[in-house]
Amino acid sequence: MAKSNNILVKDTKIRTLRENGVDYICITDIARQKNSEDPNGVIANWMRK
């Protein structure tokens, strides 16, 4: 069963998840820090080669 948690970074809540001993963070929450109106654009830039 996955365990959900939150961390606070620069006054922004970032969701985290631990499943089968592997930690995950929500990159959408991180991208919202950079651009709260369009975090998808920030993520697209991260994913671009």
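Heavy-atom basis, side chains included; hydrogens, waters and symmetry copies ignored.
Here the straight-line distance linking atom CD1 of I14 with atom CG of N6 works out to 9.0 Å at 0.5 Å rounding. We find the CD1-CG distance between I25 and L17 to be 11.5 Å, quoted to the nearest 0.5 Å.
Here D11 pairs with nothing under the salt bridge (charged side-chain N to carboxylate O under 4.0 Å, His left out) rule; sequence neighbours left out.
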Got a list of side-chain donor-acceptor pairs under 3.5 Å for residues 27-35, not counting sequence neighbours?
residue	atom	partner	partner atom	Å
D29	OD1	R15	NH2	3.1
D29	OD1	R32	NH1	3.0
D29	OD2	R15	N	3.0
D29	OD2	R15	NE	2.9
Q33	NE2	V9	O	3.4
N35	OD1	E37	N	3.1
N35	OD1	D38	N	3.1

